[in-house]
Amino acid sequence: MYEESMKFEKEMKLIWKGTEEIITEEELIKKFLKAEDKNKPLRIKYGIDPTGYDVHIGHLVPIRKMRDFQDLGHTGVIIIGDFTAQIGDPSGKDETRPHLTAEQVKNNSEKYMDQLYTVLDKDKTEVRWQTEWFGNMTMADVLELMGKFTLAQFMAHETFRSRYEKGLPLGMHEMMYPILQSYDSVAIEADVELGATEQKFNILAGRDMQRFFGLPEQVAVLSPILMGTDGKEKMSKSLNNYIAVFDTPKDKYGKTMSIPDDLIVNYLTYATSSFSDSEIKNYEKTLNSGSINPKLIKEKLAWEIVRTYDGEKYANLAQAEFNKIFAKKEIPDEMPEFKLKTTKMGITELLVSAGICTSNGEVKRLIKQNAVSIDDKKIDDIFFEVDKGSVIKVGKRRFLKVLK
RNA sequence: GGAGGGGUUCCCGAGCGGUCAAAGGGAACAGACUGUAAAUCUGUCGGCGGACGCCUUCGGAGGUUCAAAUCCUCCCCACUCCA
């Protein structure tokens with residue numbers, strides 16, 4: 001074994017980068033060896049939940065790992081969880097999911113994949129739907145799958161146990177989530193399953209399920225959970241602390257700049273693959289020594305994050321824009337535009353119909369709070385009338401260009 | 001099947017016939033401060049009207065009352081204990 005591990009040292013180093021846990025490392029090396037012997041790429045599984053399509057960079061931590069595997073010549077297999085989507089992953093805090101139509105699921109999946117392909121190698125990616133294997137199952141089949149696990153095993157799982165103990169609702173069908181997910185590994189004969197550490201239970205269940213079906217067990221490669229931009233909770237859509245793939249370069253940059261300082265190293269390590277271990281160590285040292293304004297390192301980080309998803313050009317633009325607005329407090333180059341409907345419009349009506357504010361009341365409040373300025377002049381009159389082209393600034397970051 | 005407490009504004013959570021658009025906290029937004037932040041302080045935080053006012057809201061539908069988030073009836077939802 002020693003020889004083999006030396007042989008795949010480089011590969012293992014790559015896989016370990018930004019990875020929290022591998023279960024088990026030894027098995028992974030064996031799989032690499034076998035793949036090479038038989039000249040057959042490994043099948044690297046990752047399941048997505050098509051209940052929505054907004055992908056944030058926390059989701060992409062394991063996806064970037066899939067890309068690493070692809071770069072080593074292996075095949076990424078994305079499972080569209082069209083059955084599990086009907087359950088909702090109990091690992092999250094989500095409650096009962098609304099039932100989606102087949103069309104919505106299809107639509108979501110396509111959009112989801114578009115975002116994953118910003119990272120993945122399309123030629124080495126296989127997309128599979130759970131319907132392929134669950135669509136024709138009979139009750140007998142389902143009972144057989146359920147019989148492989150016991151209630152005690154499930155109650156040992158933190159999320160089931162804590163919800164049960166807290167007296168929160170726990171649907172029987174939610175127990176099916178790990179069962180379905182684990183059977184996916186059987187159906188596609190996964191060699192490796194990727195996921196965040198919170199997926200450990202589900203992914204390990206996949207090993208059990210494969211064993212029951214006489215298949216070799218998959219290796220779990222677990223990524224850390226990326227912290228949200230608030231630095232308090234994990235990145236998640238519902239907490240509104242995420243950086244989305246579809247965010248504009250400007251937003252990605254700005255959101256990154258807004259992370260707390262003590263999250264910088266974490267993001268350097270996990271939010272992008274751009275920094276080498278030694279670079280990260282260096283930055284960490286400088287940060288701890290206090291010899292540098294953390295902002296400077298954050299700028300590099302933000303730039304890299306934009307570059308990763310939108311390219312260098314947009315990274316530069318986003319950076320310039322950010323400096324302009326926040327550092328120099330100038331107005332941005334691009335902003336929403338609004339054409340005056342009549343020769344003059346009251347400021348409240350204008351901002352509400354341009355979608356900058358949600359109600360007249362909000363506009364009035366903001367004006368009273370001294371937050372609205374037109375062409376750089378604060379206004380204090382809630383009946384101010386706008387009758388010419390101008391730039392309106394609301395708060396720090398809302399801008400509107402008024403066209404005549 | 002039996003017994004019992006619950007469902008309140010974005011979230012948590014008080015209120016239990018008028019003084020309730022509804023305490024308090026969180027989130028969010030704005031202002032000050034700043035190194036982008038964070039922290040801190042101040043303010044705002046259902047909608048419409050320039051303040052007094054009006055409208056919509058307290059799981060749903062009805063009802064009692066001059067007056068209901070608060071009382072009654074039925075329904076829905078999740079939970080606890082017993083079987």
Side-chain angles (χ1 to χ4, degrees), chain A residues 88 90 92-98 160-174 227-243 249-268 271 283 286-287 289-306 315 318-330 332 346-349 351-353 355-373 378-385 392-399:
Chain A
K93 293 177 186 164
D94 293 339
E95 286 157 26
T96 314
R97 296 293 176 84
F160 288 127
R161 188 181 58 241
S162 76
R163 278 171 67 192
Y164 179 73
E165 283 171 357
K166 283 185 201 152
L168 295 170
L170 184 53
M172 291 299 291
H173 67 304
E174 294 185 71
M227 291 296 283
T229 52
D230 56 3
K232 290 176 196 149
E233 304 237 31
K234 69 170 189 173
M235 185 172 284
S236 97
K237 204 179 165 187
S238 54
L239 294 168
N240 199 28
N241 60 0
Y242 64 98
I243 300 174
K250 207 166 72 179
D251 281 343
K252 286 194 191 93
Y253 194 92
K255 285 182 183 181
T256 307
M257 291 304 282
S258 80
I259 64 170
D261 290 350
D262 53 19
L263 205 58
I264 296 177
V265 173
N266 183 287
Y267 269 48
L268 287 170
Y283 285 133
T286 348
L287 278 171
S289 71
S291 61
I292 190 174
N293 184 340
K295 183 192 167 191
L296 297 173
I297 294 175
K298 228 193 264 186
E299 278 175 346
K300 290 192 209 294
L301 169 68
W303 188 88
E304 274 299 339
I305 287 177
V306 180
Q319 187 161 52
E321 187 90 343
F322 184 87
N323 286 333
K324 203 169 184 182
I325 301 171
F326 294 99
K328 299 183 187 155
K329 300 204 166 149
E330 289 172 20
I347 183 75
T348 50
E349 189 197 347
L351 290 178
V352 173
S353 46
I356 300 289
C357 296
T358 53
S359 71
N360 295 354
E362 190 193 355
V363 178
K364 287 176 192 162
R365 257 180 260 129
L366 288 165
I367 290 174
K368 282 183 194 148
Q369 292 178 145
N370 225 3
V372 180
S373 58
K378 297 272 181 199
I379 59 166
D380 52 13
D381 175 13
I382 60 172
F383 294 105
F384 189 91
E385 294 203 319
I392 304 181
K393 184 182 177 194
V394 180
K396 278 182 204 143
R397 58 185 67 178
R398 279 177 274 181
F399 292 92

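So that the names make sense, note that chain A is the first sequence line, chain B the second, and so on, each numbered from 1. Note that these values count all heavy atoms, side chains included, but never hydrogens, waters or copies made by symmetry.
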J.: For A:Glu385, what residues pass the salt bridge (charged side-chain N to carboxylate O under 4.0 Å, His left out) criterion, not counting sequence neighbours?
T.: A:Lys344

J.: For the side chain of A:Leu366, starting at C-beta, report the closest nucleotide among B:rG31, B:rG35, B:rC29.
T.: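 Output: B:rC29.
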
J.: Expressed in angstrom and rounded to an integer, what is the separation of A:Lys300 atom NZ from B:rG35 atom C1'?
T.: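 These atoms are roughly 16 Å apart.
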
J.: Provide, to the nearest angstrom, the distance between the CD1 atom belonging to A:Ile305 and the C1' atom belonging to B:rU36.
T.: 14 Å

J.: Tell me, do A:Tyr253 and A:Glu299 make a side-chain contact under 4.5 Å, heavy atoms counted?
T.: yes

J.: When the nearest nucleotide of RNA chain B is assigned to A:Thr256 and to A:Val352 on a heavy-atom basis, which residue is associated with the more 5' position?
T.: A:Thr256

J.: Report the base-pairing partner of B:rG1 (Watson-Crick or G-U wobble, both distances below 3.5 angstrom), or none.
T.: B:rC82

J.: Spell out protein contact along nucleotides 37-45 of chain B as letters: B when the base is contacted, S when just the sugar-phosphate is, - when no protein heavy atom is under 4.0 Å; keep the 5' to 3' order.
T.: B-----BSS

J.: Give me the distance, rounded to whole Å, that separates B:rA69 from B:rG60 when you measure between the C1' atoms they each carry.
T.: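 To the nearest whole Å, 14 Å.
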
J.: For A:Glu349 and B:rG49, give me the distance from atom CD to atom C1', rounded to whole Å.
T.: 15 Å

J.: How far, in whole Å, is B:rU42 from B:rG15 if one measures between their C1' atoms?
T.: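 Their C1' atoms lie roughly 28 Å apart.
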
J.: Rounded to the nearest angstrom, tell me the gap between atom CD in A:Glu299 and atom P in B:rU36.
T.: 10 Å

J.: Between atom NZ in A:Lys252 and atom C1' in B:rU36, what is the gap in whole Å?
T.: 19 Å

J.: In a table with atom names and distances, give each donor-acceptor pair under 3.5 Å that connects a side chain of residues 254-265 of chain A to protein atoms at least two apart or in another chain.
T.:
unit_1: A:Lys255; atom_1: NZ; unit_2: A:Tyr242; atom_2: O; d: 3.0
unit_1: A:Lys255; atom_1: NZ; unit_2: A:Asp247; atom_2: OD2; d: 2.8
unit_1: A:Thr256; atom_1: OG1; unit_2: A:Lys252; atom_2: O; d: 2.7
unit_1: A:Ser258; atom_1: OG; unit_2: A:Lys255; atom_2: O; d: 2.8
unit_1: A:Asp261; atom_1: OD1; unit_2: A:Lys298; atom_2: NZ; d: 3.4

J.: Would you please name every residue forming a side chain to side chain donor-acceptor pair (under 3.5 Å) with A:Tyr267, sequence neighbours left out?
T.: none

J.: Can you see which heavy atom on A:Pro249 is nearest to which on A:Ala318, and at what distance?
T.: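 Closest heavy-atom pair between A:Pro249 and A:Ala318: O-CB, 3.6 Å.
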
J.: Using the test side-chain contact (heavy atoms from CB on, under 4.5 Å), find all partners of A:Ile367 that sit at least two apart in sequence or belong to another chain.
T.: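 A:Ile367: side-chain contact (heavy atoms from CB on, under 4.5 Å) contacts with A:Ile347, A:Val363, A:Val372, A:Ile379, A:Ile382.
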
J.: Can you check the distance between B:rA28 and B:rC10, where both ends of the measurement are the C1' atom (answer in whole Å)?
T.: 9 Å

J.: Just by modelled atom types, is the A:Glu349 backbone N or O under 3.5 Å from a matching donor or acceptor in the A:Asn360 side chain?
T.: no

J.: How many angstroms lie between CD in A:Glu174 and CE in A:Met172, if you round to the nearest 0.5 Å?
T.: 10.5 Å

J.: Report yes if some heavy atom in the side chain of A:Val394 is under 4.5 Å from a heavy atom in the side chain of A:Leu351; otherwise report no.
T.: yes

J.: Mind running a 4.0 Å heavy-atom check of residues 355-362 of chain A against RNA chain B and sending the residues that fall below it, in number order?
T.: A:Ser359, A:Asn360, A:Gly361

J.: Would you compute the distance between atom CZ of A:Phe399 and atom CD1 of A:Ile392 and round it to the nearest 0.5 angstrom?
T.: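 Separation between the atoms: 12.0 Å.
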
J.: Using the P atom as the reference point in each nucleotide, state the distance between B:rU8 and B:rC79 in Å, no decimals.
T.: 15 Å

J.: Could you measure between the two P atoms, the one in B:rG13 and the one in B:rA51, and give it in whole Å?
T.: 35 Å

J.: Report each atom pair, protein N/O against N/O of nucleotides 20-22 of chain B, whose distance is under 3.5 angstrom.
T.:
none

J.: Can you list the residues that meet the side-chain contact (heavy atoms from CB on, under 4.5 Å) rule with A:Asp381, with sequence neighbours excluded?
T.: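 Checked A:Asp381 against side-chain contact (heavy atoms from CB on, under 4.5 Å); matches are A:Phe383, A:Phe384.
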
J.: What pair of heavy atoms forms the shortest contact from A:Leu366 to A:Cys357, and how long is it?
T.: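 Taking every non-hydrogen atom into account, CD1-SG, 3.8 Å.
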
J.: Enumerate all atom pairs, one protein N or O and one N or O from nucleotides 78-83 of chain B, separated by less than 3.5 Å.
T.:
unit_1: B:rC79; atom_1: O3'; unit_2: A:Gly167; atom_2: O; d: 3.2

J.: Using purine N1 to pyrimidine N3 plus N6-O4 or O6-N4 for Watson-Crick, or N1-O2 and O6-N3 for G-U wobble, both under 3.5 Å, which nucleotide pairs with B:rU44?
T.: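 Checking every strand shown, B:rU44 finds its partner in B:rA28, with both distances under 3.5 Å.
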
J.: Please report the distance separating the C1' of B:rU34 from the corresponding atom of B:rG25, rounded so that it comes out in whole Å.
T.: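 Here B:rU34 and B:rG25 have their C1' atoms 27 Å from each other.
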
J.: Rounding to an integer number of angstrom, what distance separates B:rA21 and B:rG47 when you compare their C1' atoms?
T.: 11 Å

J.: Take atom CG of A:Asp380 and atom C1' of B:rA30, then tell me their distance rounded to the nearest Å.
T.: 16 Å

J.: Say we look at B:rG1 and B:rA68: how far apart would their C1' atoms be, to the nearest angstrom?
T.: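 To the nearest whole Å, 35 Å.
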
J.: Could you give the distance from CD (A:Glu304) to NZ (A:Lys300), rounded to the nearest 0.5 Å?
T.: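 Here the interatomic distance stands at 10.0 Å.
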
J.: Give me each pair satisfying salt bridge (Lys or Arg N to Asp or Glu O under 4.0 Å) with a member in residues 361-371 of chain A, each pair once, sequence neighbours excluded.
T.: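 Listed once each, the pairs are A:Glu362-A:Arg398.
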
J.: Nearest whole Å is fine: how far is B:rA28 P from A:Arg398 CZ?
T.: 14 Å

J.: With sequence neighbours left out, what residues match A:Arg397 under side-chain contact (heavy atoms from CB on, under 4.5 Å)?
T.: A:Phe326

J.: Would you list the protein and nucleotides 51-57 of chain B atom pairs, both N or O, that sit under 3.5 Å from each other?
T.:
none

J.: OP1 or OP2 of B:rG49 sitting under 4.0 Å from any side-chain N/O of A:Lys364?
T.: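 True: A:Lys364 side-chain N/O within range (under 4.0 Å) of B:rG49 OP1/OP2.
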
J.: Is it the case that the side chain of A:Lys378 and the backbone of A:Asn370 share a donor-acceptor pair, with hydrogens and angles ignored and the cut-off at 3.5 Å?
T.: yes

J.: May I have the distance from A:Lys295 (atom NZ) to B:rU36 (atom P), rounded to whole angstrom?
T.: 5 Å

